[in-house]
Number of protein chains: 2
Amino acid sequence: MVRGMSTTTSARDRLVDAAQDLFAAQGVGPTSPRAVLAASGVGQGSLYHHFPTKHDLAVAAVGATVDEALTRALRTLGGDSPAVERLVAYLERPRDALAGCKIGRLTSDQAVMDDDGLHDVVTAYFVRLLGTLTQVLRETGLPDDAARDRAHAALAIVQGGYVLARATRDPDALAAAVRGFVGLLTQTVPAPTVPAPTVPTPNLPTQEENQ
Amino acid sequence: MVRGMSTTTSARDRLVDAAQDLFAAQGVGPTSPRAVLAASGVGQGSLYHHFPTKHDLAVAAVGATVDEALTRALRTLGGDSPAVERLVAYLERPRDALAGCKIGRLTSDQAVMDDDGLHDVVTAYFVRLLGTLTQVLRETGLPDDAARDRAHAALAIVQGGYVLARATRDPDALAAAVRGFVGLLTQTVPAPTVPAPTVPTPNLPTQEENQ
DNA sequence: GTCTATAAGCAGATAGAC
DNA sequence: GTCTATCTGCTTATAGAC
């Protein structure tokens with residue numbers, strides 16, 4: 001019950017840590033409680049003392065992963081710089097493309113999709129992220145509907161980029177998708193004649209490279 | 001070895017059909033040979049006669065799914081209409097968003113990623129599709145590198161859109177991502193005055209579902 | 001070629017000692 | 001709270017009759 005006891009690494013914390021790692025590596029379904037047990041170093045009974053079922057363990061571990069990811073994302077998207085710049089910074093953030101998105105991958109995990117409590121945690125992550133992205137895009141002067149659509153596109157680029165990278169075993173596939181999207185996003189008017197751009201072209205600051 | 005015997009539905013064909021359906025619904029890993037057996041209506045021994053291991057069954061079923069999806073995709077992308085129009089037609093094709101991409105989902109399927117033979121089938125699908133999309137985008141006058149990046153972006157939109165739809169349980173999430181991307185893709189000069197759309201919205205012919 | 005019967009092993013979960 | 005020992009059911013696969 002007592003969460004966040006920082007004094008020592010409780011069996012509970014070790015279990016959640018191990019579960020997060022294994023879930024990220026191989027998904028929830030294929031990860032057995034026994035494997036979490038072995039990785040954490042605690043005994044069989046301890047697991048079932050803290051987490052009566054695999055569901056309980058999964059909710060705790062996936063919840064922790066979502067919290068961490070959301071914190072990082074919102075920090076990137078919430079700075080002082082111009083909105084487009086923050087969006088591009090989010091898109092271009094270094095990512096372990098071949099590993100896939102720890103959370104996005106769960107949408108293909110039958111054990112997660114079949115479990116309402118677990119699914120809700122995943123849903124909350126994406127709803128929150130889409131809301132924030134929409135907000136950022138509204139700052140660029142886009143109407144509400146267009147901002148929402150473009151937010152979906154931006155997040156789809158990241159999630160789809162992960163899929164492409166894993167499918168082709170090419171870590172650059174995610175980076176390529178991001179480049180293609182950012183190219184469109186920051187494009188000046190094709191300008192055969194008229195100059196005025198839709199999106200105020202930002203001076204692309206030298207961003208961190210994609211891994 | 002004799003494939004496509006159209007005279008009668010062999011036990012082999014029924015097994016492959018059942019496997020394709022179950023793999024699409026719940027993935028390869030979570031689908032047991034016994035479940036395929038039950039769905040196909042054949043006996044235990046028949047399965048292991050035609051497919052000595054689950055791997056063999058999976059290669060046959062996933063291979064068939066890839067062939068079908070590739071055929072549909074290449075038909076959409078290979079018409080006579082202008083390149084951008086064909087690309088948009090591909091992006092806007094009706095899809096069962098909540099079901100996810102039958103092939104893209106396999107990139108999160110541990111049973112697939114751990115099996116080189118199976119993974120290769122998935123890789124081939126995406127490599128082929130990316131090549132074709134790149135070709136189409138080159139027709140629009142884009143330089144090679146930019147065409148390749150934009151092709152990655154386009155395919156990522158579809159794959160990521162599926163992820164968003166499943167994550168949020170919102171079938172419109174995929175459509176929103178496509179709208180956001182097509183909006184950028186076909187954006188005319190900001191047009192404070194002129195309304196003319198670049199791409200004449202094609203009359204979506206009622207398409208088959210999925211990729 | 002197709003069937004029924006069955007083996008070996010791992011899954012999720014429980015019992016109960018310390 | 002943590003441990004070891006154990007149960008049931010399902011998994012992949014094999015054996016061998018028809």
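All values derive from a computational prediction rather than experimental measurement.
- With rounding to whole Å, B:Arg34 atom CZ is found 14 Å from D:dG9 atom P.
- Contact between A:Phe126 and A:Gly104 at its shortest, heavy atoms only, is CZ-CA, 3.8 Å.
- Relative to the axis of its first five pairs, the axis of the last five pairs of the helix from C:dG1-D:dC18 to C:dC18-D:dG1 sits at 10°, rounded to 10 degrees.
- The separation between B:Phe51 atom CZ and D:dA13 atom C1' is 16 Å, rounded to whole Å.
- Between the A:Asp115 side chain and the A:Leu118 main chain, a donor and an acceptor come within less than 3.5 Å of each other.
- In this structure, A:Leu37 CG and A:Leu15 CG are separated by 7.0 Å, a value rounded to the nearest 0.5 Å.
- The distance from atom OH of A:Tyr48 to atom P of D:dT4 is 15 Å, rounded to the nearest whole Å.
- Here the nucleotide nearest the side chain of B:Gln44, chosen from D:dT12, C:dA13, C:dT4, is C:dT4.
- Rounded to an integer number of Å, the gap from CG of A:Asp13 to C1' of D:dT2 is 16 Å.
- Following rounding to the nearest Å, A:Leu37 (CG) and C:dT14 (P) show an atom-to-atom distance of 15 Å.
- Counting only distance, with no hydrogens or angles, the side chain of B:Arg105 and the backbone of B:Ala99 share a donor-acceptor pair below 3.5 Å.
- Using a 4.0 Å heavy-atom cutoff across all strands shown, A:Ser46 reaches at least one base atom of the nucleic acid.
- Between B:His55 and the phosphate of D:dT12, there is no side-chain N or O to OP1/OP2 separation shorter than 4.0 Å.
- When rounded to the nearest whole Å, the span between CD of A:Gln110 and P of D:dT11 equals 14 Å.
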| said: Please evaluate residues A:His152 and A:Leu130 with respect to the criterion side chain to side chain contact (heavy atoms under 4.5 Å, CB included), reporting the C-alpha separation (whole Å), side-chain torsions for both, the decisive distance (0.1 Å), and the verdict. | reply: CA-CA 7 Å; A:His152 277 75; A:Leu130 282 169; 3.7 Å; yes

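- Of the residues near DNA chain C, A:Pro52 and A:Pro30, the one whose nearest nucleotide (by heavy atom distance) lies more toward the 5' end is A:Pro30.
- For the pair A:Arg12 CZ and D:dC3 C1', the computed distance is 19 Å after rounding to whole Å.
- Remark: A:Glu92 does not engage A:Arg179 in a salt bridge, criterion side-chain N to carboxylate O under 4.0 Å.
- Salt-bridge formation is detected for the pair B:Asp120/A:Arg169: a Lys NZ or Arg NE/NH1/NH2 atom is positioned less than 4.0 Å from an Asp or Glu carboxylate oxygen.
- When the side-chain nitrogen and oxygen atoms of B:His49 are compared with OP1 and OP2 of C:dC3, none of them lie within a distance under 4.0 Å.
- Distance NZ (B:Lys54) to P (D:dT11): 9 Å, rounded to an integer number of Å.
- Mapping A:Ala11 and B:Thr31 onto DNA chain D by nearest heavy atom places A:Ala11 closer to the 5' end of the strand.
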